[in-house]
Number of protein chains: 2
Amino acid sequence: MEVYSKRRGETARDYALRVLKGNIISLDLMPGTAISENELATELGISRTPVREAVIELAKAYLIEIYPQRGSFVSLIDPKMVEEARFLRRITDTAVIEAACDEIDEKGIAALEDNVSLQEFYLSKGMTEKIFDLDNKFHKGIYEAVKKDIVYEIHSTLMIHFDRVRTLSVETVKDFKVVGDHRKMLEAIKAGDKVTAAQLVEKHLNRYQIDEKEIRSQRPEYFKA
Amino acid sequence: MEVYSKRRGETARDYALRVLKGNIISLDLMPGTAISENELATELGISRTPVREAVIELAKAYLIEIYPQRGSFVSLIDPKMVEEARFLRRITDTAVIEAACDEIDEKGIAALEDNVSLQEFYLSKGMTEKIFDLDNKFHKGIYEAVKKDIVYEIHSTLMIHFDRVRTLSVETVKDFKVVGDHRKMLEAIKAGDKVTAAQLVEKHLNRYQIDEKEIRSQRPEYFKA
DNA sequence: GCAGGAATGGTAGTATACAAGTCTGACCAT
DNA sequence: ATGGTCAGACTTGTATACTACCATTCCTGC
């Protein structure tokens, strides 16, 4: 596991949470790995209490499974969870992008424009490792533009189920059509074209569904059933 | 605050969580009330640790606001939060009821039928206090029928923002048109009529929007801005 | 009477100690 | 060789102690 350094002013709990989330998404903590609260506390140089609080939060999002008196483990990739996350993401992304077509302002457009341009830049330079973060921020930007930032926040932890598949996806498929998707979405928003925007969301999310089957055959030990 | 008794086998943390949630929904813990972790621990006969874990979970859902070294307070009713919760509920309820129109099975229909019949019974007998729980279970039943129970679970804590307004609504408005709504929804699902089903969801949720303005004028001290 | 500062009591955040259950492996009896 | 059992080293759950910080209050000095 990769241990980041603690930021100034960051509480011990937020620190533990940041490290856990990051390593689960990146698969440095592979699905199925045992998580020892004591061991993790020692590694991070903090006590068990804040570590435990972070573990509980991730367990609430089904990213860690806690078996009392036995142990805690990073959840295996559960196709049902991924499917529910994808379902949720599809319907909220669709509703939000449609709202954006109606009510986005200049500032919101400018923020998205900057983001997509940067993605295109990194893609052209082959610095594809930068794109993952920008991808998330692009979608977050749409939510913020229509004042639904709490909805994004509430869903973000759950979407890690999705992110893990995406991590495997970029590892194995090396497919960056997503950048083109983002550009088209932005153009649809600017044009106020709800129908096209909604279709793009659908298509965008389907990319990962296709990948999943391929990944599953390559890494069956990461999957639940 | 009403202190329920601890169930056998229930962990101290779940116990604290159940008591807090229940009292926040029922408004026995009024918006703005100070929550002392120490005091609550004493009242429940458990230690601060599980109480604190419960408080943190509710803070994640914006139901409690924690000010470090100063205190924790039950959140005031925030119109933006209520609006985001309503938005989320509208789009997910709509998507789920449309899915139910296509894929619900006999067992799912039977469960909903039992629920609605019971609502109608209690309504006819004037036992309206029973309806609140049945209302929740009706909607949960639809999610389960289309295998989206995690989505329901993830949203349930956030929907307490909504539930508080509903609690005030039944206190002040005494309007049980919702039972009729549920009957109509069920009939639409049985008929596989997506368009009608979606319209009913919209209408159903709008009831609370109308109430909110009335409630707000009666209890301004519960509201944020 | 009033302004300022120190003492006081309270809070959440963190650390540590203890309780209760589970698994493993050694060891002994059959 | 096999099966049972018991000790010990884990685990999470809970309790308690301590720390740093904030707000109020009350006393002091003017």
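Below, read A as the first sequence line, B as the second, and so on, with proteins coming before strands; counting in each chain starts at 1.
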Seminar exercise, completed: Taken to the nearest whole Å, CZ/A:Arg13 to P/C:dG13 is 6 Å
Exercise. If you check the A:Pro50 side chain, which of D:dA15, C:dA12, C:dA15 turns out closest?
Worked result: C:dA15
Problem set entry | Polar side-chain atom of A:Asp105 near backbone of A:Gly108 as donor-acceptor pair, under 3.5 Å | yes
Problem set entry | Inter-axis angle, terminal five-pair segments of the helix from C:dG1-D:dC30 to C:dT30-D:dA1 [nearest 10°] | 30°
Problem set entry | Whole-Å distance separating the CZ atom of A:Phe73 from the P atom of D:dT11 | 10 Å
For this session: Check the distance between D:dG13's P and A:Glu37's CD and give it to me in whole angstrom.
Result: 7 Å
Problem set entry | Phosphate-side-chain proximity, A:Arg70 and D:dC10, N/O vs OP1/OP2 below 4.0 Å | no
Exercise. Does C:dT11 have OP1 or OP2 sitting under 4.0 Å from an N or O in the side chain of B:Ser72?
Worked result: no
Problem set entry | Heavy-atom donor-acceptor pair, B:Thr167 side chain to B:Ser26 backbone, under 3.5 Å | no
Problem set entry | SB check A:Asp149 B:Lys80 (cutoff 4.0 Å) | yes
Exercise. Checking all strands, does B:Ile56 fall into the base, sugar-phosphate, or nothing category for heavy-atom contacts under 4.0 angstrom?
Worked result: nothing
Problem set entry | Rounded distance in Å - OH (A:Tyr15) to C1' (C:dG13) | 17 Å
For this session: Report, as yes or no, whether the 6.0 Å neighbourhood of atom CE on B:Met30 holds more than 12 heavy atoms from other residues, nucleotides or ligands.
Result: no
Problem set entry | N or O in side chain of B:Thr49 less than 4.0 angstrom from D:dG13 OP1/OP2 | no
For this session: Starting at atom CG of A:Asn38, determine the distance to atom P of D:dG13, rounded to an integer number of angstrom.
Result: 12 Å
For this session: Answer yes or no: is there a side-chain heavy-atom contact under 4.5 Å between A:Arg164 and A:Ile24?
Result: yes
Problem set entry | OP1 or OP2 of C:dA15 under 4.0 Å from side-chain N/O of A:Ser47 | yes
For this session: Grab the CD-P distance between A:Glu53 and C:dT16 for me, whole Å please.
Result: 15 Å
Exercise. When the nearest nucleotide of DNA chain C is assigned to A:Ile46 and to B:Ser36 on a heavy-atom basis, which residue is associated with the more 5' position?
Worked result: B:Ser36
For this session: Starting from P on D:dG13, measure out to NZ on B:Lys6 and report it in whole angstrom.
Result: 13 Å
Exercise. Are the side chains of A:Val96 and B:Phe87 in touch, meaning some heavy atoms are under 4.5 Å apart?
Worked result: yes
Exercise. Can you tell me how far P of D:dT11 sits from CZ of A:Arg48, to the nearest Å?
Worked result: 9 Å
For this session: Look at A:Arg52 and D:dG13 and indicate whether a side-chain polar atom (N or O) is within less than 4.0 Å of OP1 or OP2.
Result: yes
Exercise. Does A:Gln69 make a side-chain donor-acceptor contact with the base of D:dT12, cut-off 3.5 Å?
Worked result: yes
For this session: With the side chain counted from C-beta on, respond yes when A:His204 and A:His182 share a heavy-atom pair under 4.5 Å apart, and no when they do not.
Result: yes
